[in-house]
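Each remark here refers to the structure printed beneath this line.
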Amino acid sequence: MPELAEVEYYRRQWNSGLGEKILRVELHPKVRIFRGAKPKKILSSLKGSTFKNSFANGKQMLFVFSPHCWLGVHLGMTGSLRIEAVDFLPKKHDHLVLFQKKTALVFSDPRLFGRIRFDFSKEEPAWWKALPPSLLSKDFTASKLGAIGDRFRRTPLKALLLRQDLFPGIGNWMADEILWRSRLHPSKKGGDLSPSEVRTLHRETRFVCSQALRIIGKNWGDLPPHWLFNHRWKKGGVCPQTGVELKRETIAGRTTCWSPAWQKLS
DNA sequence: ACCCCTGTTCGGCG
DNA sequence: CCGCCGAACAGGGG
């Protein structure tokens with residue numbers, strides 16, 4: 001179910017295994033999840049390697065094993081990472097388990113929407129290097145956002161925010177949260193943003209990312225009560241700003257929640 | 001039974 | 001070329 005904050009939370013779940021060797025690897029017999037990566041190669045390479053480091057960028061994760069092993073993880077909609085005791089017996093949806101001395105590192109995904117990549121190389125894998133810079137980095141500027149609006153003049157903001165090449169790590173609830181804070185209607189087009197709206201959207205994108213990372217990324221804490229997130233699924237839920245009932249409709253193929261009196265279309 | 005779902009990719013259509 | 005839509009992937013929860 002993860003967007004960038006949840007991805008960061010899951011990445012940290014494996015931290016207790018840092019610096020430890022992989023003694024045994026178990027793969028689920030159904031290996032569709034490893035499209036592109038050869039299960040046998042994963043097995044033989046990771047066994048005996050040491051878990052050295054990990055990174056998250058948007059919804060992508062990269063786990064580093066020495067020597068020269070890189071495990072890429074994308075959780076899709078239903079993937080998760082956790083740790084278990086070493087006597088743990090993998091269940092139906094546990095597709096990859098790395099057993100260490102004191103810990104088992106588990107990747108689980110009931111619906112197999114996630115994706116595991118494996119690279120064996122000295123340098124970090126090309127797909128990782130090609131990822132767009134984080135929305136919290138200096139590279140993501142208001143003028144860059146303005147250029148996105150100009151380039152995709154006819155595309156609804158909701159559809160733009162869901163594009164991982166433009167807004168890495170943003171998913172359905174974060175997109176709605178950002179638009180709500182920016183007072184922009186999800187159907188408003190990229191080309192209809194005024195300069196001040198671009199600045200607002202830029203500011204709120206970074207705000208939602210940084211707060212979600214701080215609150216969810218560390219301990220999966222609760223977001224503040226006034227966030228749209230806490231109202232969007234409630235039946236008869238109202239906008240925390242206006243008290244008016246929230247609307248729900250499919251926009252850009254996803255259920256979208258917004259506050260009609262609050263978010264402006266033009 | 002039926003509907004929903006924090007993701008992504010693909011093919012088809014206008 | 002653009003943008004939108006539904007389907008597919010496949011399972012669980014309300």
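In what follows, every chain begins at residue 1, and chains take the letters A, B, ... in the order their sequences are listed.
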Measure from [atom1] on [X] to [atom2] on [N] and round the result to the nearest Å.
X	N	atom1	atom2	answer
A:D165	B:dG7	CG	P	15 Å
A:R163	B:dG7	CZ	P	16 Å
A:M77	B:dC5	CE	P	9 Å
A:L166	C:dC2	CG	P	13 Å
A:M174	B:dG7	CE	P	11 Å
A:L213	B:dT6	CG	C1'	14 Å
A:L223	B:dT6	CG	P	16 Å
A:D109	B:dT6	CG	P	16 Å

Options [options], nucleotide nearest the side-chain atoms of [X]:
X	options	answer
A:K92	B:dT6, C:dG12, B:dC5	C:dG12
A:R154	B:dG7, C:dG3, B:dC4	C:dG3
A:T155	B:dC5, C:dG3, B:dG7	C:dG3
A:P110	C:dG3, B:dT6, C:dG11	C:dG11
A:E3	B:dC5, B:dT6, C:dC4	B:dT6
A:F152	B:dG7, C:dG3, B:dC4	C:dG3

Any side-chain N or O of [X] less than 4.0 Å from the OP1 or OP2 oxygen of [N]?
X	N	value
A:K59	B:dT8	yes
A:R115	B:dT8	no
A:T78	C:dG11	no
A:H93	C:dG11	no
A:Q164	B:dG7	no

**Q.** Side-chain donor-acceptor pair present, A:K158, A:T256, cut-off under 3.5 Å
**A.**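 A pair is found: one side chain offers a donor N or O, the other an acceptor, under 3.5 Å apart.
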Q: Using both distances under 3.5 Å as the test, list the Watson-Crick or G-U wobble partner of B:dT6, or none.
A: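 Pairing partner: none.
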Q: Taking atom P in both C:dG3 and B:dT6, compute the distance separating them and give it to the nearest angstrom.
A: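 C:dG3 and B:dT6 have their P atoms separated by 23 Å.
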**Q.** is_close_aromatic(A:Y10, A:W220), centroid dist under 6.0 Å
**A.**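 Distance test on ring centres: under 6.0 Å, yes.
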Q | Charged N-O contact under 4.0 Å between A:K59 and A:E6 | A |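 No salt bridge links A:K59 with A:E6.
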Would you give me the side-chain donor-acceptor pairs under 3.5 Å for residues 225-236 of chain A, sequence neighbours excluded?
residue, atom, partner, partner atom, Å
A:N230, ND2, A:L223, O, 3.2
A:N230, ND2, A:P224, O, 2.7
A:H231, NE2, A:P225, O, 2.7
A:R232, NH1, A:D176, OD2, 2.9
A:R232, NH2, A:D176, OD2, 3.0
A:K234, NZ, A:N230, O, 3.0

Q.
According to side-chain hydrogen bond (donor to acceptor under 3.5 Å, both in side chains), who are the partners of A:R163, at least two apart in sequence or on a separate chain?
A.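 Applying side-chain hydrogen bond (donor to acceptor under 3.5 Å, both in side chains) to A:R163 gives A:D165.
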Q. Under 5.5 Å between ring centres and under 30° between planes: true for A:F113 and the base of B:dT8?
A.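 Whether judged by distance or by angle, A:F113 falls short somewhere, so it does not stack on the base of B:dT8.
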Q.
Does A:K264 have more than 12 heavy atoms from other residues, nucleotides or ligands lying within 6.0 Å of its NZ?
A.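 Yes, enclosed.
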